[in-house]
Amino acid sequence: MFRVALCLLLMTLVSGCSDKWGWYVVNPTTTSGAVNLNFLISGLYYTILLSVTAIVISVVVGLLVALPGLSSKRPLRMFSRTYVEVVRAVPILVLILWVYYGLPQLSGLTITVFWAGVIALALSDSAFEAEIFRAGIQSIAKGQYEAAHSISLSYADTMRFVILPQAIRRILPALGNQLVYMLKMSSLVSVIGMQELTRKANELVVSEYRPLEIYTILVLEYLVLILIVSAGVRWLERRMQSDERN
Amino acid sequence: MGDVAEPIIRFAGVEKFFGSFQVLKNISLDVSLGERVVICGPSGSGKSTLIRCINGLEQHQGGTLSVEGVTHEDGRKGLDEIRSRVGMVFQQFNLFPHLTVIENLMLGPTRARKLPKEEARELALRYLERVRIPEQADKYPRQLSGGQQQRVAIARSLCMEPKIMLFDEPTSALDPEMINEVLDVMVELAESGMTMICVTHEMGFARRVADKMVFMDHGEIVEVADPETFFNTPKSQRCQDFLQQILQH
(Lines give C-alpha, C1' and ligand atoms only; values in the text may rest on other atoms or scores of the structure.)
Protein backbone atom coordinates (compact mmCIF):
# COMPACT_ATOMS: atom_id res chain seq x y z
CA MET A 1 0.00 0.00 0.00
CA PHE A 2 2.72 2.44 1.00
CA ARG A 3 4.75 1.61 -2.10
CA VAL A 4 1.80 2.18 -4.38
CA ALA A 5 1.20 5.56 -2.83
CA LEU A 6 4.86 6.45 -3.23
CA CYS A 7 4.82 5.43 -6.91
CA LEU A 8 1.77 7.56 -7.59
CA LEU A 9 3.38 10.51 -5.88
CA LEU A 10 6.61 10.10 -7.80
CA MET A 11 4.74 9.79 -11.07
CA THR A 12 2.94 13.07 -10.57
CA LEU A 13 6.20 14.72 -9.53
CA VAL A 14 8.07 13.43 -12.54
CA SER A 15 5.32 14.36 -14.96
CA GLY A 16 5.01 17.60 -13.05
CA CYS A 17 8.45 18.59 -14.27
CA SER A 18 7.36 19.07 -17.88
CA ASP A 19 6.64 22.58 -19.15
CA LYS A 20 2.87 21.95 -19.20
CA TRP A 21 2.76 22.29 -15.40
CA GLY A 22 2.82 25.44 -13.32
CA TRP A 23 3.42 24.30 -9.79
CA TYR A 24 4.13 27.85 -8.68
CA VAL A 25 0.43 28.24 -7.65
CA VAL A 26 0.98 25.89 -4.77
CA ASN A 27 4.68 26.37 -4.18
CA PRO A 28 4.98 26.57 -0.40
CA THR A 29 8.25 28.56 -0.60
CA THR A 30 6.45 31.58 -2.04
CA THR A 31 3.93 33.56 -0.01
CA SER A 32 1.04 33.28 -2.44
CA GLY A 33 1.78 29.59 -3.05
CA ALA A 34 1.76 28.89 0.68
CA VAL A 35 -1.50 30.80 1.12
CA ASN A 36 -3.10 28.81 -1.72
CA LEU A 37 -1.89 25.51 -0.33
CA ASN A 38 -3.19 26.35 3.12
CA PHE A 39 -6.50 27.33 1.59
CA LEU A 40 -6.76 23.94 -0.15
CA ILE A 41 -5.81 21.91 2.90
CA SER A 42 -8.18 23.84 5.16
CA GLY A 43 -11.03 22.05 3.36
CA LEU A 44 -10.03 18.87 5.22
CA TYR A 45 -11.81 20.10 8.32
CA TYR A 46 -15.28 20.03 6.83
CA THR A 47 -14.65 16.97 4.66
CA ILE A 48 -13.79 14.97 7.79
CA LEU A 49 -16.39 16.52 10.07
CA LEU A 50 -19.13 16.03 7.48
CA SER A 51 -18.21 12.42 6.69
CA VAL A 52 -17.70 11.33 10.27
CA THR A 53 -20.94 12.93 11.50
CA ALA A 54 -22.82 11.39 8.59
CA ILE A 55 -21.38 7.91 9.04
CA VAL A 56 -22.12 7.86 12.78
CA ILE A 57 -25.74 8.79 12.10
CA SER A 58 -26.07 6.38 9.19
CA VAL A 59 -24.69 3.43 11.19
CA VAL A 60 -27.26 4.04 13.93
CA VAL A 61 -30.12 4.55 11.47
CA GLY A 62 -28.93 1.57 9.42
CA LEU A 63 -29.05 -0.68 12.48
CA LEU A 64 -32.51 0.59 13.42
CA VAL A 65 -33.70 -0.20 9.91
CA ALA A 66 -31.96 -3.60 9.76
CA LEU A 67 -33.40 -5.02 13.01
CA PRO A 68 -37.09 -4.87 12.02
CA GLY A 69 -36.03 -6.41 8.71
CA LEU A 70 -35.06 -9.58 10.61
CA SER A 71 -38.32 -9.78 12.53
CA SER A 72 -40.79 -12.59 12.08
CA LYS A 73 -43.55 -9.99 11.72
CA ARG A 74 -44.36 -9.13 8.13
CA PRO A 75 -45.22 -5.42 8.54
CA LEU A 76 -41.85 -4.78 10.22
CA ARG A 77 -40.01 -6.56 7.43
CA MET A 78 -41.99 -4.57 4.87
CA PHE A 79 -41.03 -1.30 6.53
CA SER A 80 -37.35 -2.22 6.44
CA ARG A 81 -37.46 -3.48 2.86
CA THR A 82 -39.32 -0.39 1.61
CA TYR A 83 -36.92 2.00 3.35
CA VAL A 84 -33.91 0.29 1.83
CA GLU A 85 -35.34 0.08 -1.68
CA VAL A 86 -36.59 3.68 -1.79
CA VAL A 87 -33.58 5.35 -0.22
CA ARG A 88 -31.13 3.28 -2.22
CA ALA A 89 -32.81 4.33 -5.45
CA VAL A 90 -32.16 8.07 -5.02
CA PRO A 91 -28.79 9.35 -6.29
CA ILE A 92 -26.79 11.08 -3.57
CA LEU A 93 -26.46 14.33 -5.53
CA VAL A 94 -30.22 14.44 -6.07
CA LEU A 95 -30.78 13.81 -2.37
CA ILE A 96 -28.40 16.65 -1.44
CA LEU A 97 -30.25 19.08 -3.73
CA TRP A 98 -33.62 17.90 -2.47
CA VAL A 99 -32.70 18.20 1.19
CA TYR A 100 -31.07 21.62 0.81
CA TYR A 101 -33.49 23.31 -1.60
CA GLY A 102 -36.64 21.22 -1.23
CA LEU A 103 -36.90 20.28 2.43
CA PRO A 104 -36.95 23.88 3.83
CA GLN A 105 -39.94 24.67 1.60
CA LEU A 106 -41.75 21.61 2.82
CA SER A 107 -40.95 21.96 6.51
CA GLY A 108 -40.64 25.71 6.83
CA LEU A 109 -37.34 25.27 8.69
CA THR A 110 -34.13 26.77 7.44
CA ILE A 111 -31.30 24.34 7.23
CA THR A 112 -27.58 25.02 7.14
CA VAL A 113 -25.43 23.73 4.33
CA PHE A 114 -23.58 21.50 6.78
CA TRP A 115 -26.68 19.79 8.17
CA ALA A 116 -28.25 19.48 4.74
CA GLY A 117 -25.09 17.66 3.69
CA VAL A 118 -25.06 15.46 6.77
CA ILE A 119 -28.73 14.53 6.42
CA ALA A 120 -28.44 13.70 2.73
CA LEU A 121 -25.25 11.67 3.09
CA ALA A 122 -26.46 9.84 6.22
CA LEU A 123 -29.83 9.08 4.68
CA SER A 124 -28.46 7.61 1.49
CA ASP A 125 -25.74 5.69 3.30
CA SER A 126 -28.13 4.29 5.94
CA ALA A 127 -29.80 2.06 3.36
CA PHE A 128 -26.44 0.44 2.60
CA GLU A 129 -25.55 0.16 6.27
CA ALA A 130 -28.88 -1.57 6.88
CA GLU A 131 -28.08 -4.18 4.26
CA ILE A 132 -24.60 -4.69 5.70
CA PHE A 133 -25.99 -5.16 9.21
CA ARG A 134 -28.66 -7.54 7.95
CA ALA A 135 -26.06 -9.70 6.24
CA GLY A 136 -23.80 -9.61 9.30
CA ILE A 137 -26.55 -10.52 11.74
CA GLN A 138 -27.86 -13.28 9.49
CA SER A 139 -24.39 -14.81 9.34
CA ILE A 140 -24.47 -15.59 13.08
CA ALA A 141 -25.39 -19.21 13.76
CA LYS A 142 -28.85 -20.02 15.12
CA GLY A 143 -27.26 -21.78 18.09
CA GLN A 144 -26.09 -18.43 19.47
CA TYR A 145 -29.70 -17.22 19.71
CA GLU A 146 -30.73 -20.53 21.25
CA ALA A 147 -28.00 -20.38 23.87
CA ALA A 148 -28.98 -16.80 24.70
CA HIS A 149 -32.62 -17.88 24.93
CA SER A 150 -31.71 -20.73 27.25
CA ILE A 151 -29.96 -18.40 29.71
CA SER A 152 -33.02 -16.11 29.74
CA LEU A 153 -31.49 -13.12 27.95
CA SER A 154 -33.99 -10.57 26.63
CA TYR A 155 -34.04 -9.70 22.91
CA ALA A 156 -32.19 -6.46 23.56
CA ASP A 157 -29.50 -8.17 25.65
CA THR A 158 -29.15 -10.96 23.11
CA MET A 159 -28.48 -8.41 20.40
CA ARG A 160 -26.24 -6.19 22.51
CA PHE A 161 -24.05 -8.80 24.16
CA VAL A 162 -24.19 -11.84 21.89
CA ILE A 163 -25.17 -11.12 18.29
CA LEU A 164 -23.96 -7.60 17.47
CA PRO A 165 -20.43 -7.93 18.91
CA GLN A 166 -19.89 -10.93 16.66
CA ALA A 167 -21.67 -9.42 13.66
CA ILE A 168 -19.69 -6.18 13.87
CA ARG A 169 -16.39 -8.06 13.77
CA ARG A 170 -17.52 -9.73 10.58
CA ILE A 171 -18.81 -6.61 8.86
CA LEU A 172 -15.93 -4.36 9.84
CA PRO A 173 -14.35 -4.48 6.36
CA ALA A 174 -17.67 -3.52 4.80
CA LEU A 175 -18.14 -0.69 7.31
CA GLY A 176 -14.65 0.53 6.47
CA ASN A 177 -15.63 0.54 2.82
CA GLN A 178 -18.65 2.71 3.59
CA LEU A 179 -16.49 5.20 5.47
CA VAL A 180 -14.16 5.51 2.47
CA TYR A 181 -17.17 5.87 0.19
CA MET A 182 -18.61 8.54 2.45
CA LEU A 183 -15.36 10.55 2.42
CA LYS A 184 -15.47 10.56 -1.35
CA MET A 185 -19.17 11.30 -1.64
CA SER A 186 -18.80 14.28 0.69
CA SER A 187 -17.23 16.06 -2.31
CA LEU A 188 -20.74 16.26 -3.78
CA VAL A 189 -21.83 18.56 -0.97
CA SER A 190 -19.63 21.19 -2.63
CA VAL A 191 -22.49 21.90 -5.05
CA ILE A 192 -24.54 23.54 -2.31
CA GLY A 193 -21.55 25.55 -1.09
CA MET A 194 -20.02 23.43 1.67
CA GLN A 195 -16.45 24.64 2.22
CA GLU A 196 -14.83 21.23 2.05
CA LEU A 197 -11.88 20.02 -0.04
CA THR A 198 -13.56 20.02 -3.44
CA ARG A 199 -15.29 23.36 -2.99
CA LYS A 200 -12.02 25.01 -1.93
CA ALA A 201 -10.28 23.61 -4.99
CA ASN A 202 -13.06 24.83 -7.27
CA GLU A 203 -12.86 28.31 -5.80
CA LEU A 204 -9.10 28.45 -6.17
CA VAL A 205 -9.29 27.28 -9.78
CA VAL A 206 -11.67 30.14 -10.57
CA SER A 207 -9.19 32.72 -9.23
CA GLU A 208 -5.90 31.14 -10.30
CA TYR A 209 -6.81 29.44 -13.63
CA ARG A 210 -4.56 26.45 -12.89
CA PRO A 211 -7.01 23.50 -12.81
CA LEU A 212 -4.36 20.87 -13.57
CA GLU A 213 -2.18 21.57 -10.52
CA ILE A 214 -5.00 22.41 -8.13
CA TYR A 215 -7.09 19.35 -8.99
CA THR A 216 -3.96 17.21 -8.82
CA ILE A 217 -3.46 18.43 -5.27
CA LEU A 218 -7.13 17.66 -4.62
CA VAL A 219 -6.65 14.09 -5.88
CA LEU A 220 -3.64 13.67 -3.59
CA GLU A 221 -5.54 15.07 -0.63
CA TYR A 222 -8.27 12.45 -1.01
CA LEU A 223 -5.72 9.74 -1.68
CA VAL A 224 -3.74 10.43 1.48
CA LEU A 225 -6.87 10.83 3.59
CA ILE A 226 -8.32 7.54 2.43
CA LEU A 227 -5.07 5.60 2.72
CA ILE A 228 -4.89 6.72 6.34
CA VAL A 229 -8.49 5.65 6.95
CA SER A 230 -7.91 2.23 5.32
CA ALA A 231 -4.85 1.66 7.47
CA GLY A 232 -6.90 2.60 10.52
CA VAL A 233 -9.67 0.16 9.63
CA ARG A 234 -7.16 -2.63 9.07
CA TRP A 235 -5.55 -1.95 12.41
CA LEU A 236 -8.97 -2.10 14.09
CA GLU A 237 -9.79 -5.37 12.31
CA ARG A 238 -6.58 -6.97 13.50
CA ARG A 239 -7.19 -5.79 17.03
CA MET A 240 -10.70 -7.17 17.19
CA GLN A 241 -9.72 -10.48 15.62
CA SER A 242 -6.92 -11.01 18.09
CA ASP A 243 -9.54 -10.89 20.84
CA GLU A 244 -11.14 -13.98 19.53
CA ARG A 245 -8.26 -16.03 18.17
CA ASN A 246 -5.81 -16.62 20.93
CA MET B 1 -48.96 -28.75 44.97
CA GLY B 2 -47.35 -30.29 48.04
CA ASP B 3 -47.86 -33.74 46.59
CA VAL B 4 -44.49 -35.32 45.82
CA ALA B 5 -45.90 -37.10 42.79
CA GLU B 6 -46.97 -33.83 41.17
CA PRO B 7 -45.07 -33.76 37.87
CA ILE B 8 -42.67 -30.86 37.30
CA ILE B 9 -43.09 -31.27 33.55
CA ARG B 10 -46.25 -32.57 31.94
CA PHE B 11 -46.82 -33.27 28.26
CA ALA B 12 -50.50 -33.95 27.53
CA GLY B 13 -51.33 -34.90 23.97
CA VAL B 14 -48.65 -32.63 22.49
CA GLU B 15 -48.55 -32.40 18.70
CA LYS B 16 -46.11 -30.59 16.48
CA PHE B 17 -45.82 -30.07 12.75
CA PHE B 18 -43.07 -28.76 10.51
CA GLY B 19 -45.29 -27.67 7.64
CA SER B 20 -47.36 -30.71 6.84
CA PHE B 21 -44.89 -33.13 8.39
CA GLN B 22 -45.85 -34.25 11.87
CA VAL B 23 -42.77 -34.44 14.12
CA LEU B 24 -44.54 -35.08 17.41
CA LYS B 25 -47.64 -37.27 17.62
CA ASN B 26 -49.82 -37.22 20.70
CA ILE B 27 -46.98 -37.03 23.21
CA SER B 28 -47.92 -37.60 26.83
CA LEU B 29 -45.19 -37.78 29.42
CA ASP B 30 -44.79 -36.79 33.06
CA VAL B 31 -41.49 -35.96 34.69
CA SER B 32 -41.42 -35.52 38.43
CA LEU B 33 -39.04 -33.45 40.53
CA GLY B 34 -35.57 -34.98 40.73
CA GLU B 35 -36.29 -37.55 38.08
CA ARG B 36 -33.67 -38.44 35.46
CA VAL B 37 -35.17 -39.24 32.09
CA VAL B 38 -33.16 -40.51 29.13
CA ILE B 39 -34.75 -40.27 25.71
CA CYS B 40 -33.39 -42.38 22.88
CA GLY B 41 -34.44 -43.45 19.44
CA PRO B 42 -33.32 -43.37 15.82
CA SER B 43 -32.39 -40.02 14.29
CA GLY B 44 -35.36 -38.04 13.04
CA SER B 45 -37.63 -39.58 15.62
CA GLY B 46 -38.40 -36.23 17.27
CA LYS B 47 -36.31 -36.57 20.45
CA SER B 48 -34.58 -33.20 20.11
CA THR B 49 -37.79 -31.49 19.08
CA LEU B 50 -39.48 -32.92 22.15
CA ILE B 51 -37.04 -31.40 24.62
CA ARG B 52 -36.73 -28.16 22.64
CA CYS B 53 -40.48 -27.69 23.13
CA ILE B 54 -39.99 -27.62 26.89
CA ASN B 55 -38.13 -24.30 26.99
CA GLY B 56 -39.90 -22.84 23.99
CA LEU B 57 -37.15 -23.18 21.38
CA GLU B 58 -39.88 -24.89 19.37
CA GLN B 59 -43.57 -24.16 19.61
CA HIS B 60 -45.97 -27.07 19.76
CA GLN B 61 -49.36 -26.86 18.12
CA GLY B 62 -51.71 -29.30 19.81
CA GLY B 63 -52.10 -30.44 23.41
CA THR B 64 -50.66 -28.80 26.49
CA LEU B 65 -47.18 -28.68 27.93
CA SER B 66 -46.65 -27.33 31.42
CA VAL B 67 -43.59 -26.74 33.56
CA GLU B 68 -44.43 -26.44 37.25
CA GLY B 69 -48.00 -25.62 36.28
CA VAL B 70 -47.00 -22.81 33.92
CA THR B 71 -47.96 -23.48 30.33
CA HIS B 72 -46.78 -22.02 27.05
CA GLU B 73 -50.31 -20.72 26.58
CA ASP B 74 -49.61 -18.24 29.38
CA GLY B 75 -47.99 -16.00 26.77
CA ARG B 76 -44.69 -14.21 26.90
CA LYS B 77 -44.57 -14.04 30.69
CA GLY B 78 -45.23 -17.75 30.97
CA LEU B 79 -42.43 -18.54 28.57
CA ASP B 80 -39.99 -16.25 30.40
CA GLU B 81 -40.95 -17.93 33.64
CA ILE B 82 -40.37 -21.37 32.13
CA ARG B 83 -37.03 -20.64 30.53
CA SER B 84 -35.70 -19.15 33.76
CA ARG B 85 -36.23 -22.54 35.40
CA VAL B 86 -34.92 -24.69 32.58
CA GLY B 87 -31.27 -24.90 31.56
CA MET B 88 -30.14 -26.41 28.29
CA VAL B 89 -26.96 -27.95 26.93
CA PHE B 90 -26.56 -28.30 23.18
CA GLN B 91 -24.81 -30.74 20.91
CA GLN B 92 -22.69 -27.94 19.41
CA PHE B 93 -21.96 -26.28 22.83
CA ASN B 94 -23.02 -22.85 21.48
CA LEU B 95 -20.62 -20.94 23.67
CA PHE B 96 -20.23 -17.25 22.85
CA PRO B 97 -16.91 -17.17 20.97
CA HIS B 98 -16.19 -13.46 21.55
CA LEU B 99 -16.39 -13.79 25.33
CA THR B 100 -13.99 -15.51 27.72
CA VAL B 101 -15.14 -18.54 29.69
CA ILE B 102 -15.90 -16.50 32.79
CA GLU B 103 -17.73 -13.86 30.72
CA ASN B 104 -19.79 -16.62 29.12
CA LEU B 105 -20.80 -17.77 32.58
CA MET B 106 -21.47 -14.31 34.00
CA LEU B 107 -23.64 -12.98 31.19
CA GLY B 108 -26.86 -14.71 32.24
CA PRO B 109 -26.51 -14.01 35.97
CA THR B 110 -25.69 -10.30 35.49
CA ARG B 111 -28.19 -9.54 32.73
CA ALA B 112 -31.11 -11.89 33.32
CA ARG B 113 -30.86 -12.47 37.07
CA LYS B 114 -29.57 -8.95 37.74
CA LEU B 115 -26.89 -10.15 40.15
CA PRO B 116 -24.10 -7.72 41.00
CA LYS B 117 -20.87 -8.41 39.10
CA GLU B 118 -18.91 -9.67 42.08
CA GLU B 119 -21.59 -12.11 43.11
CA ALA B 120 -21.92 -13.36 39.53
CA ARG B 121 -18.17 -13.90 39.35
CA GLU B 122 -18.13 -15.94 42.54
CA LEU B 123 -21.05 -17.99 41.29
CA ALA B 124 -19.31 -18.57 37.96
CA LEU B 125 -16.07 -19.65 39.62
CA ARG B 126 -17.97 -22.01 41.87
CA TYR B 127 -19.57 -23.76 38.92
CA LEU B 128 -16.31 -23.82 36.96
CA GLU B 129 -14.85 -25.57 39.95
CA ARG B 130 -17.70 -28.02 39.85
CA VAL B 131 -17.06 -28.92 36.19
CA ARG B 132 -13.34 -29.08 37.11
CA ILE B 133 -11.87 -26.36 34.91
CA PRO B 134 -11.43 -23.30 37.14
CA GLU B 135 -8.01 -22.64 35.58
CA GLN B 136 -9.58 -21.95 32.17
CA ALA B 137 -11.65 -18.97 33.35
CA ASP B 138 -9.88 -16.33 31.30
CA LYS B 139 -9.46 -18.27 28.07
CA TYR B 140 -11.63 -17.98 24.99
CA PRO B 141 -13.78 -20.97 24.03
CA ARG B 142 -11.75 -21.74 20.91
CA GLN B 143 -8.68 -22.31 23.07
CA LEU B 144 -10.36 -25.21 24.85
CA SER B 145 -10.91 -28.81 23.80
CA GLY B 146 -14.40 -29.98 22.88
CA GLY B 147 -14.88 -31.71 26.21
CA GLN B 148 -13.83 -28.61 28.10
CA GLN B 149 -16.12 -26.45 25.99
CA GLN B 150 -19.08 -28.67 26.74
CA ARG B 151 -18.29 -28.55 30.45
CA VAL B 152 -18.20 -24.75 30.25
CA ALA B 153 -21.60 -24.91 28.54
CA ILE B 154 -22.95 -27.03 31.40
CA ALA B 155 -21.54 -24.59 33.94
CA ARG B 156 -23.06 -21.67 32.02
CA SER B 157 -26.49 -23.28 32.33
CA LEU B 158 -26.00 -24.09 36.00
CA CYS B 159 -25.13 -20.45 36.74
CA MET B 160 -28.80 -19.68 36.08
CA GLU B 161 -29.58 -22.10 38.91
CA PRO B 162 -32.27 -23.96 36.99
CA LYS B 163 -34.57 -26.60 38.42
CA ILE B 164 -34.47 -28.69 35.29
CA MET B 165 -31.60 -29.41 32.91
CA LEU B 166 -32.11 -30.46 29.31
CA PHE B 167 -29.29 -32.18 27.44
CA ASP B 168 -29.59 -32.41 23.66
CA GLU B 169 -27.05 -35.05 22.56
CA PRO B 170 -24.32 -33.42 24.65
CA THR B 171 -21.59 -35.87 23.66
CA SER B 172 -22.43 -36.45 19.99
CA ALA B 173 -20.05 -33.79 18.69
CA LEU B 174 -17.13 -34.91 20.87
CA ASP B 175 -14.10 -37.00 20.12
CA PRO B 176 -14.40 -40.37 21.90
CA GLU B 177 -11.68 -39.62 24.45
CA MET B 178 -13.56 -36.55 25.66
CA ILE B 179 -16.95 -38.14 26.13
CA ASN B 180 -16.24 -39.43 29.61
CA GLU B 181 -15.17 -36.14 31.13
CA VAL B 182 -18.55 -34.70 30.11
CA LEU B 183 -20.51 -37.76 31.24
CA ASP B 184 -18.74 -37.66 34.61
CA VAL B 185 -19.99 -34.13 35.16
CA MET B 186 -23.48 -35.20 34.16
CA VAL B 187 -23.46 -38.18 36.51
CA GLU B 188 -22.38 -35.94 39.34
CA LEU B 189 -25.17 -33.55 38.51
CA ALA B 190 -27.66 -36.42 38.49
CA GLU B 191 -26.42 -37.57 41.87
CA SER B 192 -26.93 -34.08 43.28
CA GLY B 193 -30.65 -34.48 42.63
CA MET B 194 -31.11 -32.32 39.54
CA THR B 195 -34.14 -33.04 37.38
CA MET B 196 -32.64 -34.01 34.04
CA ILE B 197 -33.93 -34.91 30.62
CA CYS B 198 -31.20 -36.21 28.34
CA VAL B 199 -31.34 -37.09 24.70
CA THR B 200 -28.34 -39.33 24.26
CA HIS B 201 -27.05 -42.54 22.75
CA GLU B 202 -24.74 -43.20 25.68
CA MET B 203 -26.42 -46.30 27.01
CA GLY B 204 -23.84 -46.87 29.73
CA PHE B 205 -24.71 -43.47 31.13
CA ALA B 206 -28.43 -44.23 30.76
CA ARG B 207 -28.13 -47.50 32.67
CA ARG B 208 -26.23 -45.76 35.40
CA VAL B 209 -28.36 -42.71 36.08
CA ALA B 210 -31.76 -42.99 34.41
CA ASP B 211 -34.92 -43.44 36.45
CA LYS B 212 -36.96 -43.64 33.30
CA MET B 213 -36.11 -44.60 29.72
CA VAL B 214 -38.17 -43.21 26.87
CA PHE B 215 -37.93 -44.71 23.40
CA MET B 216 -39.18 -42.65 20.47
CA ASP B 217 -39.70 -43.49 16.83
CA HIS B 218 -41.44 -41.54 14.05
CA GLY B 219 -42.59 -38.79 16.40
CA GLU B 220 -44.23 -41.12 18.89
CA ILE B 221 -43.29 -42.35 22.32
CA VAL B 222 -43.14 -46.09 21.75
CA GLU B 223 -41.98 -47.28 25.11
CA VAL B 224 -41.48 -45.88 28.61
CA ALA B 225 -39.83 -48.10 31.21
CA ASP B 226 -37.30 -48.22 34.01
CA PRO B 227 -33.79 -49.00 32.70
CA GLU B 228 -33.83 -52.55 34.06
CA THR B 229 -36.95 -53.52 32.11
CA PHE B 230 -36.01 -51.36 29.15
CA PHE B 231 -32.64 -52.97 28.48
CA ASN B 232 -33.49 -56.53 29.46
CA THR B 233 -37.04 -57.03 28.28
CA PRO B 234 -38.08 -54.36 25.80
CA LYS B 235 -41.66 -54.91 24.71
CA SER B 236 -41.93 -53.45 21.24
CA GLN B 237 -40.21 -54.83 18.16
CA ARG B 238 -38.96 -51.37 17.11
CA CYS B 239 -37.29 -50.87 20.45
CA GLN B 240 -35.69 -54.31 20.35
CA ASP B 241 -34.29 -53.61 16.88
CA PHE B 242 -32.95 -50.25 17.97
CA LEU B 243 -31.25 -51.60 21.07
CA GLN B 244 -29.74 -54.46 19.14
CA GLN B 245 -28.22 -52.02 16.69
CA ILE B 246 -26.63 -49.68 19.19
CA LEU B 247 -25.60 -52.30 21.71
CA GLN B 248 -24.00 -54.53 19.12
CA HIS B 249 -20.49 -53.25 19.69
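Chain letters run A, B, ... following the sequence lines, proteins first, then strands; residues in each count from 1.
- Contacts with chain A were tallied for B/Arg52, B/Lys139, B/Glu103, B/Gln92; B/Arg52 has the most, counting heavy-atom pairs under 4.5 Å.
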Trace of the salt bridge (Lys or Arg N to Asp or Glu O under 4.0 Å) decision for A/Arg88 with A/Glu85: CA-CA 5 Å; A/Arg88 203 163 55 171; A/Glu85 294 300 343; 3.4 Å; yes

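- Annotation: maximal heavy-atom pairing with chain A below 4.5 Å, among B/Leu95, B/Thr100, B/Val89, occurs at B/Leu95.
- Under the 30°/60° scheme for interplanar angles, the aromatic rings of A/Phe114 and A/Tyr46 are found to be tilted.
- Only the side chain of B/Phe90 has a heavy atom closer than 4.5 Å to any heavy atom of chain A.
- Annotation: the span from A/Glu196 atom CD to A/Leu44 atom CG amounts to 10.0 Å, rounded to 0.5 Å.
- Classification of B/Arg113 and B/Glu119 as a salt-bridged pair fails, no side-chain N sitting under 4.0 Å from a carboxylate O.
- By the 4.0 Å N-to-carboxylate-O rule, A/Arg134 lies close enough to A/Glu131 to be salt-bridged with it.
- Most heavy-atom pairs under 4.5 Å with chain B, from the set A/Ala141, A/Gly143, A/Ala148, A/Ser152: that is A/Ser152.
- With a threshold of 4.5 angstrom between heavy atoms, B/Met160 approaches chain A through side-chain atoms but not through N, CA, C or O.
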